[in-house]
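Side-chain atoms are counted along with the backbone in the values below, which use heavy atoms only and exclude waters and symmetry mates. Counting starts at 1 for both ligands and their atoms, in listed order. We're numbering straight along the sequence, starting at 1. These figures come from a predicted structure and were not determined experimentally.
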Amino acid sequence: MAQLLHLDASMRWSGSVSRELSAAYAQAWRAAHPDGTYVYRDLAVDPVPHLDEASFTAAATPDEDHTDEQRVGWKISSELIDELIEADTVLLGVPMYNFSIPSTLKAWLDRIITPGTALNRETGEGPLAGKRVVVTASRGGSYAPGTPRESFEFQERYLRAVLSSVGLDQDLTFVNAELTLARTVPALAQFQDLAAESLENAHRTARELAAEAR
Ligand SMILES: Cc1cc2nc3c(=O)[nH]c(=O)nc-3n(C[C@H](O)[C@H](O)[C@H](O)COP(=O)(O)O)c2cc1C
């Protein structure tokens with residue numbers, strides 16, 4: 001049975017574009033997979049504790065040798081890893097913050113990337129490899145090729161790089177909505193049409209991707 005793990009990271013409740021897009025994908029996925037299992041995690045409401053030494057060292061220590069601190073830390077990490085392993089499709093709603101990703105998502109990544117989930121570089125295999133990953137990403141400006149801020153784009157570039165260490169880049173698609181601040185920032189008002197077009201394209205792509213059989 002298909003399983004979708006949906007994570008959101010925007011701190012915003014009203015007007016969040018990454019949440020709007022991830023919700024559209026999730027809705028279309030659930031319609032296409034009526035018997036599927038849907039798991040939702042909101043990293044803004046329920047933040048994952050930052051990785052600490054006990055949790056980090058626990059990943060490379062046999063369970064029976066864990067200290068009390070390591071047991072507590074590993075419980076948090078292993079639950080997140082197990083939840084991810086069970087999913088066939090992983091959906092990430094990700095806003096751009098300071099040219100990169102929210103720290104709440106970074107905290108989740110630091111816990112799910114461990115020696116046990118790392119990709120075997122020789123075989124290309126790993127417990128997370130090959131899952132479908134869809135990122136619905138929003139950003140206030142534009143980082144498209146040829147734009148002045150093209151080289152400041154560390155949201156998609158970073159996620160592609162970090163997800164590749166566990167093979168979550170093997171079926172990875174970004175659905176980007178750009179210029180989301182055009183509606184509210186006067187200096188960007190001239191880009192409102194481009195912003196609307198970008199959002200419309202993102203919605204269409206999200207719906208089409210979700211409806212694909214898996
Ligand atoms: C703390 C913070 C930092 C931001 N940094 C950037 C940035 O570096 N570049 C950018 O284009 N937009 C930036 N933005 C704008 C957001 O990317 C934009 O509002 C986006 O739509 C937020 O996602 P959301 O709509 O899902 O909340 C920032 C917004 C916040 C709140």
Side-chain angles (χ1 to χ4, degrees), residues 4-30 38-51 80 84 87 89-110 112 132-163 168-169 172-210:
L4 173 66
L5 172 62
H6 174 184
L7 290 94
D8 274 323
S10 172
M11 64 178 177
R12 291 205 296 171
W13 297 109
S14 59
S16 164
V17 176
S18 62
R19 283 180 185 274
E20 175 186 320
L21 286 169
S22 69
Y25 180 99
Q27 191 182 20
W29 186 93
R30 294 173 83 178
Y38 172 68
V39 178
Y40 183 67
R41 182 176 284 279
D42 194 322
L43 296 171
V45 173
D46 192 11
V48 170
H50 280 137
L51 189 66
L80 297 172
L84 190 50
T89 301
V90 183
L91 170 64
L92 305 173
V94 185
M96 177 185 275
Y97 289 165
N98 297 314
F99 308 115
S100 180
I101 63 167
S103 56
T104 47
L105 180 59
K106 178 66 164 57
W108 179 81
L109 287 165
D110 286 343
I112 60 101
R132 166 163 284 196
V133 181
V134 175
V135 180
T136 61
S138 53
R139 60 274 287 272
S142 176
Y143 301 83
T147 57
R149 286 287 169 103
E150 179 183 357
S151 67
F152 284 54
E153 203 289 313
F154 298 104
Q155 180 191 33
E156 178 171 341
R157 266 207 291 165
Y158 169 70
L159 282 172
R160 283 191 182 281
V162 75
L163 293 174
L168 286 174
D169 64 328
L172 169 62
T173 308
F174 278 79
V175 179
N176 294 335
E178 294 214 306
L179 293 162
T180 63
L181 289 176
R183 280 181 286 184
T184 51
V185 173
L188 295 176
Q190 59 188 307
F191 301 119
Q192 282 183 8
D193 288 351
L194 282 177
E197 192 184 326
S198 176
L199 185 59
E200 196 182 311
N201 286 340
H203 268 285
R204 190 176 50 250
T205 307
R207 280 195 307 272
E208 286 171 1
L209 279 172

Query - Arg139 side, atom CZ; Phe99 side, atom CZ - distance, nearest 0.5 Å - result: 11.5 Å

**Report entry** Identity and distance of the protein heavy atom lying nearest atom 2 (C) of ligand 1
**Finding:** Tyr97 CD2, 3.5 Å

Report task. Do me a favour and list the nearest non-hydrogen protein atom to atom 5 (N) of ligand 1 with residue, atom name and distance? Result -> Asn98 N, 2.8 Å

Query - Distance (rounded to the nearest 0.5 Å) between Thr89 OG1 and Tyr25 OH - result: 5.0 Å

Report summary line: Tightest non-hydrogen contact, residues Gln155 and Glu153, listed as N-OE2, 3.1 Å

Query raised in the report: Given that the side chain starts at C-beta and the backbone is N, CA, C, O, which of these parts of Phe152 lies under 4.0 Å from ligand 1, counting heavy atoms, or is it both or neither?
Result: neither

Query raised in the report: Taking atom 21 (O) of ligand 1 as the point of reference, which of Thr180, Val94, Val185, Thr184 owns the nearest heavy atom?
Result: Thr180

**Report entry** Contacting atoms of ligand 1, where contact means under 4.0 angstrom from a heavy atom of Leu181
**Finding:** 15 (C), 19 (O)

Report task. Could you list which atoms of ligand 1 come closer than 4.0 Å to a heavy atom of Phe99? Result -> 7 (C), 8 (O)

Query raised in the report: What atoms of ligand 1 come closer than 4.0 angstrom to any heavy atom of Ser10?
Result: 24 (P), 26 (O), 27 (O)

Requested in this report: May I ask you to identify the nearest protein heavy atom to atom 23 (O) of ligand 1, giving residue, atom name and distance to one decimal place in Å?
Outcome: Ser138 OG, 2.8 Å

Query raised in the report: When you check the side-chain N and O atoms of Glu178 and Ser142, is any donor under 3.5 Å from an acceptor?
Result: yes

Ignoring hydrogens and angles, write down the donor-acceptor pairs under 3.5 Å from the side chains of residues 144-152, residues two or more places apart or on other chains.
| from | atom 1 | to | atom 2 | distance (Å) |
| --- | --- | --- | --- | --- |
| Thr147 | OG1 | Ala144 | N | 3.3 |
| Thr147 | OG1 | Ala144 | O | 2.6 |
| Glu150 | OE1 | Gly146 | N | 2.9 |

Report summary line: ligand 1 atoms nearer than 4.0 angstrom to some heavy atom of Gly15 are 25 (O)

Query raised in the report: Using the ring of each side chain (for Trp, its six-membered ring), is His6 parallel, tilted or perpendicular to Tyr40, with breaks at 30° and 60°?
Result: perpendicular

Query raised in the report: Would the number of heavy atoms belonging to other residues, nucleotides or ligands and lying under 6.0 Å from CD of Gln27 be above 12?
Result: no

Query raised in the report: Counting heavy atoms only, which of Met96, Arg183, Met11 comes nearest to atom 13 (C) of ligand 1?
Result: Met96

